[in-house]
Amino acid sequence: MSADLVFRPAGVPTGVPMPGRHELATIEAQCSLVANRLLPPDHPCARKPEKVLVIALLGRNIGINNPLTACQYIFDIKGRPHIGYLGLKAALELRGYLVAFDESCDEKKATVIGRCPGDPRDWPIRRVTFTMADAVTAGLPARNPNYKTIPKTMLKARALTTWVNENAASVKLGLDQGGFLLAEDPVDLTDAVEISADTPHGEVIDAELVDDTDPPLAEFVADWRAACETNDVTPAQSAAVLTKATGGVASKAAGVPAELRADAVHALRLFVEQMGDAA
C-alpha cells in the first residue's frame, strides 16, 4: 500500500450563491430597517436601503450575515462597496489564515506578515509592504484626505488588501477553501521510517506507534465489568465506556441496550470520582 499527500479543493470552487426569492425578501426587509432606523443619520448609507443591500450581499461573501454589522466594516466609496481592513482581517482569521501587522508600521510604511492554511512549517513568511511613496505614485492621497489625517491606518488597510489580493483572493470572492488531504490509499507504516542525519535539531519527535483500534462493544463492556469487580477501573476505561455509549446514540444505531446505558451511568460516576481524587 502507498499514499501521497495531495492537494485538492475541499469544496466546489464557486462563490456564495445569490439568495433565493424568499431569502432575498428577508434580506431586503432587514436592509430597509438598518438604513431607515438603525444607522446614525450621518452614516453614508443612512436612508439608502439599496446601498445597504449591496453591502449586505457582499458581506455574505466573507461571512458577515448581519447587514448592520456589514455596514460597520464595508464602506460605500463612490458607489462601490469596499471591505474595510478590520472586516477583511476578521474574514482571514475565520478561515484559518494567520495575519498580523509588523510592529514597524508607521506613517511612512505598513507591513503585513502571514501564513495561509496548509503552509508547511518551513514555508517562508508571506510579507507585503505598502509605503506612502507607493500611495503617492498611485495618486491616493490626492483622492482621499484620510492619507493626511490618518496615514498609518490607511497604509495598513492598503497593505492588508494587497496581501489578500496576492495570497488569499478566494476570501474576497467567498470561494470554498481547499486543503491538504490524504490520498485515498491508507498509509502503510509497516516499513521502517528513515530520518535523514541532517534533520535540524528539534524537528524530530520521539513517538510510539500503538494499536488504537477499538475492540468490539460487547467485548469491551465485558472487560470493563470484570475490572469493576476487582475495583481496578481506570479513568481511561470509564471514559471509553462513556464514549461507546454516547457514540451509539450519536450514530443512531438500532437502540442502545439498557444494560449499556446502566454501565454508562456507573462509568460516569466513577469517572467524576476519579477526576475529583486526581485533583
Side-chain angles (χ1 to χ4, degrees), residues 15-16 34-35 39-46 48 51-175 177-178:
V16 177
V34 169
L39 289 179
D42 58 347
H43 192 284
C45 293
K48 298 177 181 177
K51 288 191 174 184
V52 176
L53 177 60
V54 173
I55 288 175
L57 293 178
L58 178 59
R60 293 173 78 250
N61 267 13
I62 62 172
I64 302 177
N65 295 318
N66 185 323
L68 181 59
T69 303
C71 287
Q72 307 306 310
Y73 300 104
I74 301 177
F75 308 101
D76 181 88
I77 302 176
K78 295 183 178 180
R80 298 181 60 183
H82 292 267
I83 304 172
Y85 85 88
L86 288 179
L88 200 53
K89 191 171 185 294
L92 291 170
E93 294 171 350
L94 180 65
R95 290 161 174 79
Y97 289 81
L98 300 177
V99 291
F101 292 103
D102 190 86
E103 60 184 9
S104 64
C105 293
D106 55 25
E107 288 74 15
K108 295 182 179 180
K109 68 179 185 304
T111 298
V112 175
I113 57 176
R115 290 189 181 277
C116 298
D119 275 358
R121 290 177 57 186
D122 58 349
W123 196 272
I125 292 290
R126 301 170 186 258
R127 181 185 301 269
V128 167
T129 297
F130 192 85
T131 67
M132 184 59 76
D134 295 328
V136 172
T137 300
L140 299 177
R143 300 197 302 265
N144 191 336
N146 287 336
Y147 278 91
K148 296 181 179 179
T149 56
I150 49 173
K152 184 176 179 179
T153 299
M154 298 305 293
L155 292 178
K156 289 171 68 175
R158 182 63 65 165
L160 181 61
T161 300
T162 304
W163 192 96
V164 171
N165 290 343
E166 294 182 0
N167 299 289
S170 58
V171 173
K172 293 176 69 174
L173 299 178
L175 300 180
Q177 302 300 308

Query raised in the report: Of all residues at least two apart in sequence or in a different chain, which pass the side chain to side chain donor-acceptor pair (under 3.5 Å) check with T161?
Result: none
Report task. Output yes when R126 and D119 qualify as a salt bridge under the 4.0 Å nitrogen-oxygen rule, no when they do not. Result -> yes
Query raised in the report: Hey, is the main chain of W163 close enough, under 3.5 Å, to the side chain of N167 for a donor-acceptor pair?
Result: yes
**Report entry** P117 backbone acceptor or donor facing R95 side chain under 3.5 Å
**Finding:** no
Query raised in the report: Would you say K89 and V99 make side-chain contact, with heavy atoms under 4.5 Å?
Result: yes
Query - Residues in ring pair (Phe, Tyr, Trp, His ring centres under 6.0 Å) contact with Y85, at least two apart in sequence or another chain - result: F101
Query - Residues forming a ring pair (Phe, Tyr, Trp, His ring centres under 6.0 Å) with Y147, sequence neighbours excluded - result: none
Return the minimal non-hydrogen interatomic distance between [X] and [Y], and the atom names on each side.
X: C71; Y: H43; answer: O-NE2, 3.3 Å
X: P41; Y: A46; answer: O-CB, 3.8 Å
X: P141; Y: A135; answer: CD-O, 3.2 Å
X: I83; Y: L58; answer: CG1-CD2, 4.0 Å
X: I62; Y: V171; answer: CG2-O, 3.5 Å

Query raised in the report: Looking only at side chains, do T162 and N165 share a donor and an acceptor under 3.5 Å apart?
Result: no
